[in-house]
There are 2 protein chains.
Amino acid sequence: MARPRFASTDFLAAARALARQHGPAAVTVGSVIGHMGAPAGSFYYRYASRDLLLGELWLEIVLAFQKGFLAAIEAGDGLAAALHTPAWARENLEDARLLLLHRRRDFIHGDWPEALRNGVVRQEETMKTAVTRFAQATLGDAAPDNLNRARFALVEVPLGAVRMYLERREPPPPLADELIRAAYNAVIAP
Amino acid sequence: MARPRFASTDFLAAARALARQHGPAAVTVGSVIGHMGAPAGSFYYRYASRDLLLGELWLEIVLAFQKGFLAAIEAGDGLAAALHTPAWARENLEDARLLLLHRRRDFIHGDWPEALRNGVVRQEETMKTAVTRFAQATLGDAAPDNLNRARFALVEVPLGAVRMYLERREPPPPLADELIRAAYNAVIAP
DNA sequence: TTTATTCTAGAATGCATATTCTAAATCCTG
DNA sequence: CAGGATTTAGAATATGCATTCTAGAATAAA
C-alpha cells in the first residue's frame, strides 16, 4: 500500500476544528482537505461522503454528552441530570457550543447515511426512554403532560440557562446552575 | 410600463409559504419564482438579492412578535412578557415555528444587506433595552447576573416551554403557560 | 524481484444556485 | 401615434460544492 498519510481520525479532527470555529456548515470537503493539505481522493478513500463525516462528528459528541445525563437519570436524580448540561459544558466548552448552539439538521440535512442510521435512532430512543423513566418515577406516570414537563425540566431549561453563555464562548457561571435548580424545583414537585 | 404581474409582496408571500413548509433554506430564488410562475428577471427587478427577501421576511416576523413582548415590558409586567411567547405562538403558529425553530442566521448567513442593517440593529437594541429595563425595575440593577437572569426568565424559559410543541406543529397547551409561570416565579423573586 | 494492494494525487465532472444580460412586451404621456 | 419608462421573459453566466475518475507511487507478500 502507499504510505498512509491521512487517517480517518485526521479527517474527523479537521472537521471538528472547522466546525468549532465556523459552524457545521463550514465543514465542506474542500475546507477539510484544504485544512490538512490532503487531496480529495484521500478523503473519499476514507469517507463515502461528507454526510458520513459530519454525522460521525455529531454522533460522537452527542453520545459523549448523553453519558453523564443518562447516569444521573438512572441514579434517579433528575436534578443532577438537569445540572449535567452546565457541568458538561464547562468541561467541554467547544463541543458544547457545537452540540447546543446548532441543531442536528445543521450537521446532516435530510437523510442520514445508512451506516449511522442505527446509531442515531438508538440515541433518540435512549433519550426518550430516559425522559419517560424519569416521568414515571418522579411524576407518577408518563402521560403526555408529564413527558412534556419532564422534558422541559431536564432538557429545555438547562439548554436555555446555558445557551446565552455558550454564544459568548463563556463557560456557564454558577448562576446557570442556580437558575436551573430554581426552575427545576418549581416545575418538579418535590 | 409592462403590465406588472408580480408585486414585491407576492415574492414575500411566496417566500413565507415556502419557509413555513420547508424552512428558510428551501427559499431559493428558483423555488420562489417556480412557486409563482415568475421569471428570474421579475424577481430581481423587485429584490436586489435573495438575502434581501429573506431578511425582510425575518424582520417582519420578529417585529410582529416583539410588539406584544415590548408592550408587556413597558407595562412593567414581566410575567406577561414571558407568557407572550406561548400566546403569540397560538395565534401565529406558522410564523412562530419559523421564528422560534430557526435562528436568525438560518435566514441570512453572513452580512445583512445594507438596506436592512438598521432595522436589525434597532431590533436587537430594542430587545436588549427591554431586558435591561426589566432587570433594573424588578431585580434592582442591570448587573450582568441580573441581565442573564432576566433573559433566562423572559426569553429562554418561554422558548423552551414552547419549542417542543412547535416542533410537532401543535399550539402550546395550557401546560406551557403553567411551566413558564412556575419557572418565572422561581427565578424572579417576588 | 515481481505482483497485487493500498493509497495518494488532483484534474474533470456534475449539479444546484444566485445573479446578470439582452430582448421584447406593455403601458403612460405628450 | 411616437417615444420613453417599466416589467416581463428566460437564456446565459458564474460560483461553490460534492463526488468521480484515472494515474501513479509506496508498500507488503510471494
Side-chain angles (χ1 to χ4, degrees), chain A residues 1-19 21-58 102 105-116, chain B residues 1-19 21-58 102 105-116:
Chain A
M1 58 175 156
R3 171 184 10 222
R5 294 180 53 204
F6 309 105
S8 295
T9 53
D10 295 335
F11 291 105
L12 197 63
R16 191 183 225 111
L18 286 165
Q21 273 186 56
H22 309 291
V27 181
T28 67
V29 174
S31 71
V32 166
I33 66 184
H35 188 265
M36 44 196 293
S42 294
F43 172 78
Y44 281 96
Y45 186 75
R46 305 289 180 178
Y47 283 93
S49 70
R50 184 199 102 122
D51 278 2
L52 203 53
L53 176 72
L54 269 166
E56 268 190 23
L57 178 59
W58 183 82
H102 302 275
R105 64 174 170 281
D106 293 326
F107 287 76
I108 299 282
H109 197 68
D111 289 336
W112 278 64
E114 185 56 36
L116 298 177
Chain B
M1 57 176 158
R3 174 182 9 222
R5 294 180 52 206
F6 310 106
S8 296
T9 53
D10 296 335
F11 291 105
L12 197 63
R16 190 182 225 114
L18 286 165
Q21 273 186 56
H22 310 289
V27 181
T28 67
V29 175
S31 72
V32 166
I33 66 183
H35 188 265
M36 43 195 292
S42 293
F43 173 78
Y44 281 98
Y45 185 76
R46 306 288 179 177
Y47 284 92
S49 70
R50 184 199 101 122
D51 277 3
L52 204 52
L53 176 71
L54 270 165
E56 267 189 24
L57 178 59
W58 183 83
H102 302 275
R105 63 173 169 283
D106 294 325
F107 286 75
I108 299 282
H109 196 70
D111 290 337
W112 278 64
E114 185 57 34
L116 298 176

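Side chains are part of it too, since the values below use all heavy atoms of this structure and drop only hydrogens, waters and symmetry mates.
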* How close or far is atom C1' of dT19(C) from atom CG of D51(B), stated in whole angstroms? -> 12 Å
* **By salt bridge (charged side-chain N to carboxylate O under 4.0 Å, His left out) - contacts of R46(B) (at least two apart)** => none
* To do: Specify the separation, in whole Å, of atom CG of L53(A) and atom P of dA18(D).
  => 10 Å
* What residues form a salt bridge (charged side-chain N to carboxylate O under 4.0 Å, His left out) with R50(A), not counting sequence neighbours? -> none
* Euclidean distance, atom CG of residue L54(A) to atom P of dC17(D) [Å, nearest integer] -> 13 Å
* Separation of Y47(A) atom OH from dC7(C) atom P, in whole Å? -> 14 Å
* Mind checking the CG-OG spacing from L52(A) to S8(A)? Nearest 0.5 Å is all I need. => 9.5 Å
* To do: Going 5' to 3' through nucleotides 9-18 of chain C, assign each nucleotide B (protein heavy atom under 4.0 Å from a base atom), S (under 4.0 Å only from sugar-phosphate atoms) or - (no protein heavy atom that close).
  => BB------SS
* Distance, rounded to the nearest Å, where Y45(B) contributes OH and dT20(C) contributes C1' -> 16 Å
* Sequence-distant partners of D10(A), salt bridge (charged side-chain N to carboxylate O under 4.0 Å, His left out), two or more places apart -> none
* To do: With sequence neighbours left out, write down each residue that passes ring-ring contact (aromatic ring centres under 6.0 Å, His included) with F43(B), or none if nothing qualifies.
  => F11(B), Y47(B)
* **Rounded interatomic separation in angstrom, taking CG from D10(A) and C1' from dC7(C)** => 14 Å
Could you give the side-chain donor-acceptor pairs of residues 29-41 of chain B under 3.5 Å, partners two or more places apart or in another chain?
| from | atom 1 | to | atom 2 | distance (Å) |
| --- | --- | --- | --- | --- |
| S31(B) | OG | A26(B) | O | 2.9 |
| S31(B) | OG | T28(B) | N | 3.0 |
| S31(B) | OG | T28(B) | O | 3.0 |
| S31(B) | OG | T28(B) | OG1 | 3.3 |

* Short side-chain N/O contact to dC7(C) OP1/OP2 from R3(A), under 4.0 Å -> no
* Nearest-Å distance for atom pair CD1/P, residues I33(B) and dT7(D) -> 18 Å
